[in-house]
Amino acid sequence: MSDARSQLQDAARIVIKLGSKVVTTPDGAVDEDHLTHLAEQVAELTRAGKQIVLVTSGAIRAGRAHLGIRDQSLDLPARQATAAVGQIELMWRYREIFGKFGQPTAQVLLTQLELSDFRRYLHLRNTLSTLLREYHVVPVLNENDSVSADGVQIGENDRLAAVVASKLEADLLLSLSDVPGYYNGDPNRDPKAELIPVVREITPEMEKAALDSGGPAGRGGMRTKLDSAELAMNAGVIMVIAHGREPNVIRRIMAGEEVGTIFLPKAEKLRSRKRWIAYAALPKGRITVDQGAAKALLEAGKSLLPVGVTTVEGNFEAGDMVSVMVDEAGRRREIARGLANYNSADLKRIQGCRSKDIPKRLGHRDFDEAIHRDNLVLL
Ligand code: GLU
């Protein structure tokens, strides 16, 4: 077992993308047997304390099958409508099948907006974090195809899964579809094309070759997979591409077996995780905290609670990035940056206040924390 592969067993947060043909049968119906096989493996991981986020495709195929539509060339409104039908077909099965293993699931549908608009993204992040950490639920994500303004494209979920994995700082992204891995040629046309077990860098030649393999499969095929591998690697997330119908594929990958292709980010990228929070934007405000709160953040890995906040400066909205400062012998020092749960006006009203007293001051309490640990980077 290679070193690179042996570290996979330590991955704590894993995003698993399941392609349409992995979760549906050739006639498009949800494949209960195979989904059961996958669910069993996922439940094993959650029982071992790992956090799993699923990204599923298959809504359009399942919707088409449910309505008995044979036409393969549906226009956009028809695809968006079939996705609306198929999504509940999918989720119903996910709920039933994962339920057999005692694993609750949740549906989260996303469009580009949730990933690009900071405030929406903050809510998404908090929702996923609560599902994973507090409720031990497996969130099942898909693009919200029925309302997505970008059209519904095969291969979109590769990108979605990579963006989610990078933003949630997952350790590992498993892309399970109908291709066994990355080849150094097009295996459909070139019998000499070989599967490459390890990729450490995506070169311009690889990108060009993936473009050339184009075709309808190209869309959900290598091109989007390479794009998402690049996105993942840049964010310090390891990605494995493997065939989702290979028996025990998740178990085997996690056990370090050489299945599919592993894409390894550079060590420095792994360290640079969370940097985007720290450096992607200029802080919109400053929160000064007392010694107790500073200690809780720096030494105990805690969230920042309003009770520890002594001053709030600047005008910021919930979701904006702010600096966290501490007074040390009259000198202020920046110790962390993070995404504020409350806007500056509300935070001023609740500074120094115990979380249980927040409703008295604000009339509501959406969050206990001023900045959640997950959205905080120590500097
Ligand atoms: N969201 C689409 C569906 O569920 C699939 C997109 C993709 O395969 O990447 O049908």
Side-chain angles (χ1 to χ4, degrees), residues 15-32 34-35 38 53-95 97 105-115 124 138-166 173-179 210 213-232 239 241-245:
V15 175
I16 305 179
K17 187 243 160 181
L18 301 173
S20 295
K21 294 195 180 141
V22 175
V23 297
T24 59
T25 59
D27 62 12
V30 178
D31 187 340
E32 295 189 22
H34 195 58
L35 202 51
L38 294 166
V53 175
L54 295 179
V55 176
T56 188
S57 298
I60 297 178
R61 271 172 74 81
R64 207 197 292 264
H66 188 71
L67 296 174
I69 300 171
R70 282 169 199 281
D71 183 1
Q72 291 296 316
S73 57
L74 297 180
D75 61 12
L76 182 60
R79 292 207 304 279
Q80 295 195 290
T82 47
V85 174
Q87 181 63 26
I88 53 173
E89 283 295 300
L90 270 178
M91 285 306 105
W92 165 50
R93 262 37 169 266
Y94 269 87
R95 195 183 79 136
I97 291 171
T105 46
Q107 170 188 262
V108 180
L109 296 176
L110 302 173
T111 63
Q112 273 308 317
L113 271 182
E114 282 71 40
L115 299 169
L124 168 67
V138 170
V140 186
L141 280 48
N142 192 2
E143 179 156 23
N144 195 351
D145 291 323
S146 324
V147 301
S148 172
D150 313 315
V152 181
Q153 296 210 3
I154 304 299
E156 226 8 76
N157 277 359
D158 283 319
R159 201 187 135 69
L160 181 72
V163 174
V164 167
S166 88
L173 166 61
L174 300 185
S175 174
L176 304 180
S177 66
D178 58 347
V179 292
S213 72
R219 278 186 145 186
M222 260 319 125
R223 204 182 138 189
T224 49
K225 293 211 168 39
L226 268 195
D227 285 350
S228 57
E230 192 159 27
L231 226 152
M239 175 165 161
I241 294 183
H243 202 297
R245 287 198 169 263

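Remember, it's 1-based here, ligands and their atoms both numbered in the order they're listed. Predicted model only: the values in this text are computed from it and were never measured.
Nearest approach of Leu160 to Glu143, heavy atoms of both residues: CD2-N, 3.8 Å.
Within the structure, the closest approach of Ala83 to ligand 1 does not fall below 4.0 Å when heavy atoms are considered.
Side-chain atoms of His66 never come within 3.5 Å of backbone atoms of Gly28 as a donor-acceptor pair (strictly under, hydrogens ignored). For Asn157 (side chain) and Thr56 (main-chain N/O), a donor-acceptor pair under 3.5 Å exists by modelled atom type.
Of all the atoms in ligand 1, the ones that sit under 4.0 Å from a non-hydrogen atom of Gly58 are 3 (C), 4 (O), 10 (O). The atoms of ligand 1 that sit less than 4.0 Å from any heavy atom of Asn142 are 1 (N), 3 (C), 4 (O).
Using a cut-off of 4.0 Å between Lys/Arg side-chain N and Asp/Glu carboxylate O, Asp31 and Arg61 are scored as not salt-bridged. A salt bridge is defined here as a Lys NZ or Arg NE, NH1 or NH2 lying under 4.0 Å from an Asp or Glu carboxylate O, and Asp145 with Arg79 fails to meet this definition.
For Asn157, a nitrogen or oxygen atom sits less than 3.5 Å from a nitrogen or oxygen atom of ligand 1, counting backbone and side chain alike. For ligand 1, one of its N or O atoms has an N or O atom of Glu156 under 3.5 Å away.
When non-hydrogen atoms are compared, ligand 1 lies under 4.0 Å from neither the backbone nor the side chain of Thr224. Contacts between Asp145 and ligand 1, counted as non-hydrogen atom pairs separated by less than 4.0 Å, involve the side chain only.
Thr224 and Asp158 share a side-chain donor-acceptor pair at under 3.5 Å.
Distances from atom 8 (O) of ligand 1 to the heavy atoms of Ser57, Ser148, Gly19, Ala59 show the closest one on Ser57.
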